[in-house]
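Chain identifiers are assigned alphabetically (A, B, ...) following the order of the sequence lines, protein sequences preceding nucleic acid strands; residue numbering begins at 1 within each chain. Fair warning: this is a prediction, and the values are worked out from it, not measured in the lab.
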Amino acid sequence: MQRIKDLPKRVGEEVVLRGWVMNARSSGKIAFLQVRDGSGVVQAVASRAELSELAWQNVQQVSQETSIRLTGTVSEDPRSPSGVEIHLSDLEVLHLSEEFPISKKEHGTGFLMDHRHLWLRSSRQRAAIKIRSEVAQAIRDFHYERDFVLIDSPILTPAACEGTSTLFETDYFGEQAFLSQSGQLYLEPAAAVFGKVYCFGPTFRAEKSKTRRHLMEFWMVEPEVAFLEFEGLCDLAEEFISYLVARVLDRGAEELEVLERDTSKLEAATSPYPRITYTQAVETLKKAGVSIEWGEDFGGDDETILAEQFDRPVLVTHYPTALKAFYMEPDPENPELALALDVLAPEGYGEIIGGSQRIHDHDLLKKRLEEHDLPLEAFQWYLDVRRYGTFPHSGFGMGIERFVAWVCGLKHLRETIPYPRMLNKIYP
RNA sequence: UCCUCGGUAGCUCAGUGGUAGAGCGGUCGGCUGUUAACCGAUUGGUCGGGGGUUCGAAUCCCUCCCGGGGAGCCA
């Protein structure tokens, strides 16, 4: 059994393939089948004169998405979309597909989302999911090559992580439990075990967000490093994004072409990124005519305006403490500022990374928990990190769907994950 | 939650007070190099649900349901 991606190496040989018919064109005594097997797409040419009566009948009856087993000879042919094609000597129908709901013509988003399990078979969707898979592998490789240890943080958690966002609630043997919205708090104790750790898994937000930048369930990668301070964190974030972009450009070239992505816009993102402070960002926005005052957070449009100033991702640092999470370390030179970092992707894709140096002083962290009205007893284990050999440490989180949307040039996050969980929508 | 646009054939849509339409898909027929093939024929409807106005409603009004886009929040 051969796979389509290996066919260029088998010119002149007879091969057997199993796969699905994407399209069939018949012309009386010759027919063309576009066949997909998961590794690629190839055109099979059927000539009536060269086939048995049964095989020719089979060729005539195949419908879109019919599963087949074919036998034929590989040949080079410039008239074939992939450069090689197969001259059929036999074709067996494994299952004659019913009328496939997704035709070659246009469809609306709602219809496609209802048929997500079938929509995935189309070429653009395959390309996006393949790149997601490559990105996930690159994330693991990046950390593995740098001696990070994988810490799988729990998905069922007893209390709100940051105390702000809406969480999905569930019952845990009579106790209240929540689906995790971040693994960070569980990562910090582990940083005291291995020094460099990361988690990578699904996270859940029950916010009623209804935009192209939000999903209810998304995958987040979060590194956390002991004794890493803020400047080092910025370097790590930059190195990380550069690594992932270079990897996609290298190994996802074919898929980026299917997606018609302008890769020149990604090339710049493999070298150093500009860094500006929140205060500088506010000045930039004011000059651009945005009505914003120091101390206000950026909206989606503001992020786009900021990102448009550069041809590559930009690091925005030193946000006002009031805008950020309770655990972020204050800037020693100005306690009103937090050692916080956001990375904004170009082309309007918005925030892809959020991170910070963490508060490592026990009393300050305790004070912040009280200021945010968070229950101290629930965070006792988290405070313990600051009681037994505390240490400066930093980390960030990256939502991989936003990263994939950016590198693929996709408008909406729903196409970057196989089965998106959207507001009020959980089928299929 | 708020703003906004929409729901008519399997799909994408037109029809804005007077007999329910087109393209694509499907089906049948034709065609020996097709590239979303092409040509001919054909099939296909609870006009989102309920109520109201009218001689007459897909069309106007009320209400509910569902979907798209956006805001806020965030990754």
Side-chain angles (χ1 to χ4, degrees), chain A residues 22-34 41 43-51 56 59-61 63-65 75 77-82 85 87 97-115 118-119 122-123 161-162 164-167 181-184 200 202-222 237 296-303 323-325 341-345 349-355 396-406 411-414 416-417 422-425 427:
Chain A
M22 297 173 67
N23 194 17
R25 287 182 281 271
S26 169
S27 194
K29 290 172 185 166
I30 189 166
F32 303 92
L33 307 180
Q34 309 301 323
V41 177
Q43 172 163 277
V45 183
S47 175
R48 182 172 196 171
E50 295 165 22
L51 288 174
W56 178 250
V59 169
Q60 292 296 102
Q61 70 166 349
S63 52
Q64 189 186 348
E65 294 303 324
S75 68
D77 196 314
R79 292 171 295 186
S80 170
S82 65
E85 60 183 24
H87 284 89
S97 176
E98 294 177 29
E99 189 184 332
F100 197 61
I102 298 174
S103 69
K104 287 164 271 181
K105 287 280 181 173
E106 62 207 320
H107 295 285
T109 311
F111 178 82
L112 290 170
M113 287 310 303
D114 282 343
H115 296 82
L118 302 177
W119 187 24
S122 58
S123 59
C161 212
E162 301 177 14
T164 51
S165 307
T166 322
L167 303 179
Q181 62 160 347
S182 164
Q184 180 204 319
F200 181 28
T203 49
F204 308 86
R205 307 267 166 105
E207 288 151 4
K208 299 216 165 184
S209 304
K210 193 173 171 278
T211 82
R212 68 178 65 151
R213 288 177 179 175
H214 293 89
L215 295 170
M216 304 300 106
E217 178 180 316
F218 65 100
W219 278 59
M220 191 152 66
V221 53
E222 295 171 274
E296 292 173 5
D297 210 350
F298 305 135
D301 291 344
D302 302 330
E303 287 181 354
L323 293 179
K324 290 292 178 181
L341 157 76
D342 280 0
V343 178
L344 306 181
Y349 282 92
E351 185 184 340
I352 49 174
I353 276 183
F396 63 78
M398 185 187 83
I400 77 161
E401 287 77 13
R402 285 191 183 172
F403 178 83
V404 172
W406 166 50
K411 293 253 182 297
H412 201 298
L413 250 47
R414 65 185 156 219
T416 65
I417 185 169
M422 319 265 292
L423 183 59
N424 297 333
K425 192 161 171 62
Y427 177 92

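Taking atom P in both G23(B) and C39(B), one finds a spacing of 11 Å when rounded to whole Å. Taking atom P on both nucleotides, U53(B) is separated from U59(B) by 15 Å, rounded to a whole Å.
For C74(B), the base has a donor-acceptor partner in the side chain of Arg402(A) [N/O atoms by modelled type, under 3.5 angstrom]. Taking only distance into account, the side chain of Gln64(A) never meets the base of G26(B) through a donor-acceptor pair shorter than 3.5 Å.
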Between protein and nucleic acid, restricted to nucleotides 65-72 of chain B and to nitrogen or oxygen atoms under 3.5 Å apart, what atom pairs and distances do you find?
{"from": "G69(B)", "atom 1": "OP1", "to": "Arg414(A)", "atom 2": "NH1", "distance (Å)": "2.9"}
{"from": "G69(B)", "atom 1": "OP1", "to": "Arg414(A)", "atom 2": "NH2", "distance (Å)": "2.6"}
{"from": "G69(B)", "atom 1": "N7", "to": "Lys210(A)", "atom 2": "NZ", "distance (Å)": "2.8"}
{"from": "G69(B)", "atom 1": "O6", "to": "Lys210(A)", "atom 2": "NZ", "distance (Å)": "2.9"}
{"from": "G70(B)", "atom 1": "OP1", "to": "Arg212(A)", "atom 2": "NE", "distance (Å)": "2.5"}
{"from": "G70(B)", "atom 1": "OP1", "to": "Arg212(A)", "atom 2": "NH2", "distance (Å)": "2.1"}
{"from": "G70(B)", "atom 1": "N7", "to": "Lys210(A)", "atom 2": "O", "distance (Å)": "3.4"}
{"from": "G72(B)", "atom 1": "O6", "to": "Lys210(A)", "atom 2": "N", "distance (Å)": "3.1"}
{"from": "G72(B)", "atom 1": "N1", "to": "Lys208(A)", "atom 2": "O", "distance (Å)": "3.1"}
{"from": "G72(B)", "atom 1": "N2", "to": "Lys208(A)", "atom 2": "O", "distance (Å)": "3.4"}

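Remark: Gln60(A) engages Ser26(A), Trp56(A) in a side-chain contact (heavy atoms from CB on, under 4.5 Å) (not counting sequence neighbours). Listed by chain and number, the residues in a salt bridge (Lys or Arg N to Asp or Glu O under 4.0 Å) with Arg212(A) amount to none (sequence neighbours excluded). For the salt bridge (Lys or Arg N to Asp or Glu O under 4.0 Å) test, residues two or more places apart in sequence or in another chain that qualify with Glu65(A) are Arg36(A), Arg121(A). Evaluation of the salt bridge (Lys or Arg N to Asp or Glu O under 4.0 Å) rule for Glu401(A) yields Arg132(A) as partners, not counting sequence neighbours. By the salt bridge (Lys or Arg N to Asp or Glu O under 4.0 Å) test, Lys425(A) pairs with Asp114(A), sequence neighbours left out.
Within the shown strands, nothing qualifies as a pairing partner of U59(B) under the Watson-Crick or G-U definition with both distances less than 3.5 Å. The partner of C24(B) is G10(B), by the rule that a Watson-Crick or G-U pair needs both atom distances under 3.5 Å.
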